[in-house]
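Please read the structure below before turning to the comments.
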Protein chains: 2
Amino acid sequence: MDKNKSTTEERILEAAKKVFHSKGFDGARMQEIANEAGVNKSLVHYYYRNKDTLFNAVFEDAFGRLLAKLNEVILSDNTFVSKIELFLNFYITFLSQNSYLPLFVLNGLYEKPEQIKSMLAKKKISPEKLMDQLRNQVREELHIDIEPFHLLINILSLCVFPVLAKPLIMTIFGYSNDQLGQFYQERQTTVPEFILNALKGYEQNHSK
Amino acid sequence: MDKNKSTTEERILEAAKKVFHSKGFDGARMQEIANEAGVNKSLVHYYYRNKDTLFNAVFEDAFGRLLAKLNEVILSDNTFVSKIELFLNFYITFLSQNSYLPLFVLNGLYEKPEQIKSMLAKKKISPEKLMDQLRNQVREELHIDIEPFHLLINILSLCVFPVLAKPLIMTIFGYSNDQLGQFYQERQTTVPEFILNALKGYEQNHSK
DNA sequence: GTCTATATTGTGATAGAC
DNA sequence: GTCTATCACAATATAGAC
């Protein structure tokens with residue numbers, strides 16, 4: 001499909017993304033990837049020596065995107081609340097399209113924890129720097145001294161989990177696609193408010 | 001292993017849990033399950049006709065446990081904060097042991113969304129009832145009128161995601177097993193506080 | 001109920017012509 | 001670079017003896 005667009009190597013990688021994202025490493029078939037790319041199966045081996053190599057390329061692309069976005073947003077010069085909104089917006093719009101991606105990455109992190117370190121180095125991302133930035137910003141804007149790690153995990157939880165749990169939400173609560181979209185839309189305002197209120201309450205309890 | 005304890009059928013199911021939980025449906029091998037149970041491979045087929053049937057039994061067990069716990073906690077007669085603490089405690093202690101379980105269930109929900117409805121019926125769980133209970137309790141204890149669905153998802157997010165993201169936390173932030181344990185321990189107090197503060201702030205913004 | 005043997009199909013990977 | 005043909009093995013599943 002789209003045999004003319006871009007190089008063969010690129011088309012194979014795109015096809016591999018599609019298949020690996022939805023089926024995982026064990027569920028994916030080299031034949032299916034070849035079909036999806038519209039090329040012969042041997043060509044997949046020609047460009048990417050074996051299944052492992054191809055999978056690693058796909059995983060690095062996916063994990064790299066998410067890492068880069070997190071890094072970019074936190075290090076930008078927006079306000080604290082704007083950053084949460086930006087991150088939410090990214091997750092809700094981008095990942096609603098690529099809805100298999102977060103679960104794919106999570107699975108990959110369990111299977112290939114070694115790759116995490118090398119990705120951080122390759123993308124020049126420093127977790128410590130992110131935490132410092134978060135701590136300083138909360139101190140300056142909200143005048144609160146917090147442990148940034150819990151806050152970061154809380155933000156990630158509130159942004160990522162509802163996307164991960166999409167099938168749960170749809171089935172248990174009987175949501176249609178439209179209702180789910182509206183729910184995600186509502187979260188664009190409720191989540192920043194939720195986090196900000198939690199922080200302000202923290203201030204009142206600990207500041208005296 | 002433990003060839004004497006319990007029936008053969010039970011030992012096969014236990015072995016299947018162990019293998020499916022960590023490797024998923026596609027990654028699991030019937031041979032490995034047989035080895036783990038200490039029985040001949042044919043016996044696995046004798047008791048559970050095929051791989052699908054065996055997987056469904058394992059998935060229903062896992063998903064059923066999580067659903068039952070959520071239902072039990074929310075419908076209990078504890079205070080709102082106690083319920084959050086109970087749920088956190090369950091996730092942190094139980095799932096730190098069975099650390100593959102939440103991701104296993106999440107994957108299963110993507111692959112077999114049909115099973116969700118039948119599990120709810122079988123366990124006699126009503127999502128609507130849970131929501132009503134949550135709404136009423138927050139109104140009575142905190143005097144706040146909220147949309148319970150967002151709150152429920154927020155609670156689930158803050159409890160479940162940090163367990164799911166275990167490898168991410170350990171690798172990115174270089175946590176040891178001990179440090180991770182301490183982090184989870186801290187969340188037993190920080191998360192209920194976080195949620196309560198968020199709700200109180202909501203009250204101040206919307207109650208006038 | 002439990003075992004051995006085997007049928008059957010699927011799958012990653014390579015050799016070699018063009 | 002791209003194709004055909006094929007190897008080598010792995011995996012689910014079943015038949016049938018005991």
Side-chain angles (χ1 to χ4, degrees), chain A residues 1-62 100 104 107-108 111-112 114-115, chain B residues 1-62 100 104 107-108 111-112 114-115:
Chain A
M1 301 95 209
D2 277 335
K3 243 200 161 187
N4 310 316
K5 230 175 46 183
S6 69
T7 71
T8 303
E9 187 170 0
E10 285 165 348
R11 272 187 294 123
I12 291 174
L13 186 63
E14 286 308 309
K17 284 185 199 173
K18 201 164 173 182
V19 176
F20 278 131
H21 285 179
S22 59
K23 310 213 168 165
F25 180 82
D26 294 314
R29 299 288 162 246
M30 298 297 269
Q31 183 63 62
E32 191 181 353
I33 293 171
N35 293 344
E36 186 69 37
V39 301
N40 189 285
K41 188 167 58 130
S42 301
L43 275 187
V44 181
H45 282 92
Y46 175 77
Y47 284 104
Y48 301 87
R49 233 165 39 77
N50 52 34
K51 196 180 179 182
D52 257 295
T53 312
L54 182 53
F55 180 84
N56 286 344
V58 172
F59 179 71
E60 288 206 0
D61 172 87
Y100 287 107
F104 168 75
N107 280 310
E111 287 154 23
K112 319 236 175 188
E114 336 82 52
Q115 291 207 340
Chain B
M1 302 92 208
D2 277 336
K3 243 202 161 187
N4 309 316
K5 231 175 45 180
S6 69
T7 72
T8 303
E9 188 171 358
E10 285 165 347
R11 271 188 295 121
I12 291 175
L13 185 62
E14 286 308 309
K17 285 186 198 172
K18 201 165 174 181
V19 176
F20 277 131
H21 285 179
S22 59
K23 311 211 167 167
F25 180 82
D26 294 314
R29 298 288 161 246
M30 297 297 268
Q31 182 64 61
E32 191 181 351
I33 292 171
N35 293 345
E36 186 70 36
V39 302
N40 188 284
K41 191 171 50 138
S42 301
L43 276 187
V44 181
H45 282 91
Y46 176 76
Y47 285 103
Y48 301 87
R49 230 167 43 75
N50 52 34
K51 196 181 179 182
D52 257 296
T53 312
L54 182 53
F55 180 83
N56 286 345
V58 172
F59 179 71
E60 289 207 359
D61 172 88
Y100 288 108
F104 168 75
N107 280 311
E111 287 154 23
K112 319 235 176 189
E114 336 82 51
Q115 291 206 341

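Below, chains carry the letters A, B, ... as their sequence lines are ordered, and counting in each starts from 1. Because the structure is predicted, anything quoted here is derived from the model rather than measured.
- With respect to E14(B) and K17(B), a salt bridge is recorded, a charged nitrogen being found less than 4.0 Å from a carboxylate O.
- Nucleotide dG12(C) holds its P atom 17 Å from the OH atom of Y48(A), rounded to whole Å.
- Evaluation of atom-type donor-acceptor distances gives a pair under 3.5 Å for the side chain of S42(B) against the base of dT4(C).
- Among the nucleotides dG12(C), dG1(D), dT14(D), the one closest to the side chain of H45(A) is dG12(C).
- Under 4.0 angstrom from either OP1 or OP2 of dG12(C) there lies at least one side-chain N or O belonging to R29(A).
- No contact: A34(B) has no heavy atom under 4.0 Å from any strand.
- Side-chain proximity of N50(A) to the nucleotides dA13(D), dA13(C), dC3(C) is greatest for dA13(C).
- OP1 or OP2 of dT2(D) has at least one side-chain nitrogen or oxygen of T8(A) nearer than 4.0 Å.
- The nucleotide whose nearest atom lies closest to any side-chain atom of K51(B) is, among dA13(D), dG12(C), dC3(D), dA13(D).
- Contact annotation: Y47(A) side-chain N/O to dG1(D) OP1/OP2 distance is under 4.0 Å.
- F25(A) carries K112(A) over the face of its six-membered ring, with the cationic atom under 6.0 Å from the centre and within 45° of the normal.
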Considering only distance and modelled atom types, tabulate donor-acceptor pairs under 3.5 Å from the side chains of residues 40-47 of chain A, sequence neighbours left out.
from	atom 1	to	atom 2	distance (Å)
N40(A)	OD1	S42(A)	N	2.8
N40(A)	OD1	S42(A)	OG	3.3

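- A donor atom on one side chain and an acceptor atom on the other are not found under 3.5 Å apart for T53(A) and N56(A).
- Distance CG (D52(A)) to C1' (dT11(C)): 15 Å, rounded to an integer number of Å.
- Closest contact between the side chain of Y46(B) and the listed nucleotides dT2(D), dG1(C), dA13(D) involves dG1(C).
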